[in-house]
Amino acid sequence: MRSSGRNHLSLLGDNGVVAVLIALHALPSAEGYKHVVFMHGLFSGAVEFTHFNDLIQNYHPGTPTTLVNSFASMDSLTRLTKQVETIAALLAPVLTNKSSDGTILICYSQGGLICRGLLALVQHNVDTFISLSSPLAGQYGDTEYLKVLFPKYVKKHMYKLFYTSIGQQLSIANYWNDPHQQALYEKFSDFLAILNNQSRTASANSHEYRNNFLRLKNLVLVGGPDDEVISPWQSSQFGMYNTTERVLPMEQQKWYQNDAFGLKNLNERGAVHMHVFPGIRHNSWPHDENVFTTCIKPWLT
Ligand SMILES: *[C@@H]1O[C@H](CO)[C@@H](O)[C@H](O)[C@H]1NC(C)=O
Ligand SMILES: *[C@@H]1O[C@H](CO)[C@@H](O)[C@H](O)[C@H]1NC(C)=O
Ligand SMILES: *[C@@H]1O[C@H](CO)[C@@H](O)[C@H](O)[C@H]1NC(C)=O
């Protein structure tokens, strides 16, 4: 790890999973800069965001930043409720710091769903959530990473594995959103369906989750049509397929219309900012300087 100042490492053993949080506090801590937290995507770790962290330190030297390294590489397949609970505990000093100027979450791909979980679970001080090509409304597609894990499966059949309690032990099953199997999704999805208040079983905390989510001041949704992994790519902006696999925007989703987790409320107060970039492949989002300049830099005040 490179850093312009002290490195603080906290380690936490968790059912055999070693969760690591790397906080890079440049010296001296600069007044007035919000704390920036980076959340990595599937099969990656803190290293994914070292370039953006460098860009922030160049622009605003002394910005306090934290690059989450918990559930890195293969451990990123751990079910998301487990990941969110662990990461919420690790980040609590930052996310609930009453004397800070607030937090900016920059979350990529699967990391965006982890951040959605944090924003629901924690009575947080997050000012801005910047989501970089995250499948926020779920994923339904034949993508390379799925073929690596399950060479014989095609998307149409994945629900048979994913919509079971054993399948739900895998993170990618937690946000699998098969438009043709919505009844099973509502029954088994123990993460996305709960966040969207679509779950048959657990809506007990839905109002608390919504109230926490509404603490956000800005929601920045970044994605694009040449992503090739997030499917549909509009899931990065809360769009999802209907039963005939046409993508409907968030405004036509039931959980938007009944404001199940606060998205409609945020949108009506002008807090949702969408950016669509053509020509960017999935792996490039956390390194792209144009994305940094357009979608991150303006919020770093
Ligand atoms: C909380 O915020 C204050 C003010 O910015 C800062 O000095 C302190 O280090 C922060 N604590 C943590 C745990 O980040
Ligand atoms: C899906 O959406 C498309 C576009 O709005 C619409 O034409 C189609 O009828 C919808 N399918 C169903 C089953 O509602
Ligand atoms: C979630 O769904 C339940 C059951 O339909 C409902 O009673 C509750 O009010 C909903 N919560 C929110 C935040 O809309």
Side-chain angles (χ1 to χ4, degrees), residues 3 5-10 21-38 60-68 87-105 116-127 137 140 177-183 185-187 189-216 232 234-235 239-268 300-301:
S3 139
R6 262 176 308 158
N7 281 13
H8 172 66
L9 275 174
S10 28
L21 186 80
I22 303 175
L24 306 173
H25 293 290
L27 294 172
S29 181
E31 288 294 318
Y33 294 153
K34 295 181 183 82
H35 196 118
V36 178
V37 173
F38 292 101
H60 277 165
T63 302
T65 60
T66 298
L67 290 83
V68 176
I87 293 166
L90 286 164
L91 289 177
V94 173
L95 296 182
T96 62
N97 186 351
K98 296 241 173 353
S99 51
S100 88
D101 294 296
T103 303
I104 297 171
L105 288 183
R116 262 198 78 182
L118 295 172
L119 293 166
L121 214 67
V122 181
Q123 216 174 48
H124 60 81
N125 63 13
V126 177
D127 185 274
Y140 180 66
N177 194 353
D178 185 331
H180 312 293
Q181 304 295 338
Q182 287 293 292
Y185 162 80
E186 287 168 15
K187 185 169 176 202
S189 170
D190 75 3
F191 186 77
L192 186 63
I194 290 173
L195 287 182
N196 288 354
N197 201 28
Q198 294 172 291
S199 173
R200 297 247 184 104
T201 47
S203 59
N205 300 320
S206 67
H207 289 277
E208 183 193 329
Y209 290 167
R210 185 174 182 276
N211 288 340
N212 286 337
F213 193 76
L214 286 174
R215 297 170 70 85
L216 261 188
Q234 293 94 332
S235 183
M240 202 6 97
Y241 295 120
N242 69 3
T243 54
T244 44
E245 295 194 28
R246 289 282 297 271
V247 180
L248 304 183
M250 65 180 186
E251 289 87 350
Q252 289 179 49
Q253 307 292 335
K254 201 168 162 197
W255 38 255
Y256 179 91
Q257 288 167 354
N258 62 20
D259 206 21
F261 62 94
L263 185 60
K264 185 180 179 188
N265 183 306
L266 282 187
N267 197 32
E268 286 175 353
L300 298 175
T301 46

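As the structure is a computational prediction, the values presented were derived from the model and not from experiment. Counting convention: from 1, in listed order, for ligands and their atoms alike. For the single chain, residues carry numbers from 1 onward in sequence order.
In this structure, atom 7 (O) of ligand 3 is not in close contact with the protein, since no protein heavy atom lies within 4.0 Å of it.
Counting heavy atoms from C-beta outward, E268 and L266 have side chains that stay 4.5 Å or more apart. Looking at R246 and Y241, their side chains never come closer than 4.5 Å, going by heavy atoms from C-beta outward. Annotation: side chain of E208 is not in contact with side chain of L121 (no heavy-atom distance under 4.5 Å). In this structure, T103 and D127 have side chains that are not in contact, with every pair of non-hydrogen atoms separated by 4.5 Å or more.
Of the possible polar contacts, none joining the S189 side chain to the E186 backbone as a donor-acceptor pair under 3.5 Å is found. Under a 3.5 Å cut-off, the side chain of N197 and the backbone N or O of A260 do not form any donor-acceptor pair. With hydrogens and angles ignored, the 3.5 Å screen pairs no side-chain donor or acceptor of D190 with any backbone N or O of I194. In this structure, the side chain of S235 engages the main chain of A137 through a donor-acceptor pair within 3.5 Å.
Counting only heavy atoms of the protein, atom 13 (C) of ligand 3 lies nearest to A260 O, 3.4 Å. For atom 9 (O) of ligand 3, the closest non-hydrogen atom of the protein is H207 NE2, 2.9 Å. What sits closest to atom 4 (C) of ligand 3 on the protein, heavy atoms only, is S203 OG, 4.3 Å.
Note: no N/O pair closer than 3.5 Å links N258 and ligand 3 by distance alone. For T244, a nitrogen or oxygen atom sits less than 3.5 Å from a nitrogen or oxygen atom of ligand 2, counting backbone and side chain alike. Checked against a 3.5 angstrom limit, the closest N/O atoms of H35 and ligand 1 fall outside it.
In the vicinity of N97, heavy-atom distances shorter than 4.0 Å reach the ligand 1 atoms 1 (C), 2 (O), 3 (C), 8 (C), 10 (C), 11 (N), 12 (C), 14 (O). Every atom of ligand 2 is numbered from 1 in the order shown, and the set under 4.0 Å from a heavy atom of R246 is 1 (C), 2 (O), 3 (C), 4 (C). Taking every non-hydrogen atom of R210 and a distance limit under 4.0 Å, the qualifying atoms of ligand 3 come out as 13 (C). In summary, the atoms of ligand 2 found under 4.0 Å from a heavy atom of L248, numbered by their order in the structure, are 2 (O), 5 (O).
Heavy-atom proximity to atom 10 (C) of ligand 2, evaluated over T243, V247, N242, is greatest for N242. Comparing N196, D259, N205, N197 by heavy-atom distance to atom 1 (C) of ligand 3, the nearest is N197.
Under the side chain to side chain contact (heavy atoms under 4.5 Å, CB included) test applied with T66, the options L95, V37, L90 reduce to a single match, V37.
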